[in-house]
Amino acid sequence: QHRLRSALALVTGAGSGIGRAVSVRLAGEGATVAACDLDGAAAQETVRLLGRPGSKEGPPRGNHAAFQADVSQASAARRLLEQVQACFSRPPSVVVSCAGITQDELLLHMSEDDWDKVIAVNLKGTFLVTQAAGQALVSSGCSGSIINISSIIGKVGNMGQTNYAASKAGVIGLTQTAARELGRHGIRCNSVLPGFIATPMTQKVPQKVMNKITGMIPMGHLGDPEGFCPLPNILIDVADVVAFLASEDSGYITGASVEVTGMRPTW
Ligand code: NAD
């Protein structure tokens, strides 16, 4: 049951939505969690939640820690890995990049700034964390599992999201290539492609649009099984798959991109 008892898991974007859910889920599997977010207070709040007794997954009170970092900055990503290693005296064996943003605009009106910001956080940030984690693991001779949160939008596109779709398609390619390069070091790299998940990110979408999207999902609901976990906006649908990819149950899976969508939208 506690498949990740000896794991140290670094989760970026851990202060909200999917990153927070992943942190809760991995801690529930016994992992020690290094929760990182641009919003340091939000990361600390996640760590506080990890110690909360009585949730369905029953996370043990662990030696979790919060970190503040902007993953889109190379120096900050490097410092993050150094800080985590200094704090726990080892590199993280599980690394989950959840930090991500949207800045939507139709292609014909999208500014250079809209493009650059989303690519900087979603694609470059994921690259920087994957690289720094890979370097830390290889130099200490440790194996590991790197999981990058892409999106189904990276495969099917979405109105108003050329920047986001490009960033998420990029994450799939970078993760597949990292898997090829790092496999011989015992490091697996996989991406997870969520569909529409009820988080602060999708709460920004107008209700009318969300109703239409929900109507197109064969499973009939967004990824957010209400009542399954006592924490609000906890996304066990995605977190379950991340926990599987983090664990040795997926020991021969690398370079995969796993869709968690309730079925891929065809628009
Ligand atoms: P969210 O907005 O709830 O959480 C994202 C977190 O990332 C926030 O806490 C934010 O502070 C943090 N963050 C933003 N920029 C950062 C930076 N530069 N450095 C460090 N942290 C930063 O969003 P979410 O819905 O939980 O999304 C998490 C990931 O899942 C994102 O990569 C998103 O693109 C992806 N995703 C979400 C959905 C969805 O439907 N919600 C679907 C597919 C993919």
Side-chain angles (χ1 to χ4, degrees), residues 10-25 34-47 49 66-77 79-81 95-104 116-130 132 147-158 161 163-172 174-175 191-205 209-210 213-214 217 221-224 231-239 241-242 257-262 264-265:
L10 168 61
V11 182
T12 75
S16 177
I18 291 172
R20 177 169 284 174
V22 164
S23 302
V24 170
R25 186 71 176 81
C36 158
D37 204 283
L38 181 63
D39 180 344
Q44 272 170 12
E45 174 62 10
T46 295
V47 166
L49 292 170
F67 299 85
Q68 192 281 333
D70 176 353
V71 297
S72 67
Q73 304 294 322
S75 56
R79 196 165 50 244
L80 171 65
L81 265 293
V95 178
V96 191
S97 277
C98 297
I101 58 168
T102 53
Q103 199 155 309
D104 298 352
D116 286 346
K117 275 202 176 125
V118 169
I119 297 292
V121 177
N122 297 6
L123 182 54
K124 186 177 168 189
T126 303
F127 158 71
L128 291 170
V129 171
T130 302
I147 299 146
N148 292 329
I149 306 300
S150 169
S151 168
I152 195 61
I153 299 307
K155 279 196 179 170
V156 304
N158 192 20
Q161 292 197 312
N163 51 359
Y164 185 79
S167 73
K168 294 301 187 179
V171 167
I172 298 171
L174 110 75
T175 307
S191 52
V192 173
L193 283 57
F196 288 91
I197 315 292
T199 73
M201 186 177 272
T202 44
Q203 273 158 22
K204 289 190 291 190
V205 180
V209 178
M210 280 324 290
I213 288 169
T214 309
I217 300 172
H221 61 84
L222 299 195
D224 181 11
L231 303 177
N233 286 329
I234 282 296
L235 313 147
I236 297 294
D237 284 345
V238 176
V241 174
V242 171
S257 42
V258 183
E259 298 181 10
V260 187
T261 59
R264 179 197 286 211

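First listed ligand is number 1; within each ligand, the first listed atom is number 1. Residue indices begin at 1 and follow the sequence shown.
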Ligand 1 and [X], any nitrogen or oxygen pair closer than 3.5 angstrom?
X      : answer
Leu38  : yes
Cys36  : no
Asn122 : no
Ile197 : yes

Practice prompt. Check whether any side-chain heavy atom of Asn148 lies under 4.5 Å from a side-chain heavy atom of Val129, and answer yes or no.
Written response: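 In short, these two side chains do not touch, never coming nearer than 4.5 Å.
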Work out whether the distance between some heavy atom of [X] and some atom of ligand 1 is less than 4.0 Å.
X      : answer
Lys168 : yes
Gly195 : yes
Cys98  : yes
Ile149 : yes

Judged by atom type as modelled, is there a donor-acceptor pair below 3.5 Å linking the side chain of [X] to the main-chain atoms of [Y]?
X      : Y      : answer
Ser167 : Val118 : no
Arg20  : Ala42  : yes
Asn163 : Ile119 : no
Thr199 : Met201 : yes
Thr12  : Cys98  : yes
Thr46  : Ala14  : yes

At under 4.0 Å between heavy atoms, which part of [X] makes contact with ligand 1: side chain, backbone, both or neither?
X      : answer
Ile101 : side chain
Asp70  : both
Ala69  : backbone
Thr199 : side chain
Arg20  : neither
Ser150 : backbone

What's the spacing between [X] [atom1] and [Y] [atom2] if we round to 0.5 Å?
X      : Y      : atom1 : atom2 : value
Phe196 : Thr202 : CZ    : OG1   : 8.5 Å
Thr102 : Ile153 : OG1   : CD1   : 11.0 Å
Lys124 : Lys117 : NZ    : NZ    : 14.0 Å
Asp104 : Gln161 : CG    : CD    : 4.0 Å

Taking 4.0 angstrom as the limit and counting only heavy atoms of [X], give me the atoms of ligand 1 inside it, by number and element.
X      : result
Phe196 : 40 (O)
Gly13  : 6 (C), 7 (O), 12 (C)
Ala99  : 7 (O), 20 (C), 21 (N), 22 (C), 32 (O)
Gly17  : 3 (O), 26 (O)
Thr202 : 39 (C), 40 (O), 41 (N)

Worksheet item: Yes or no on side chain to side chain contact (heavy atoms under 4.5 Å, CB included) for Val260 and Leu193, after CA distance, side-chain angles and deciding distance?
Response: CA-CA 6 Å; Val260 187; Leu193 283 57; over 6 Å; no
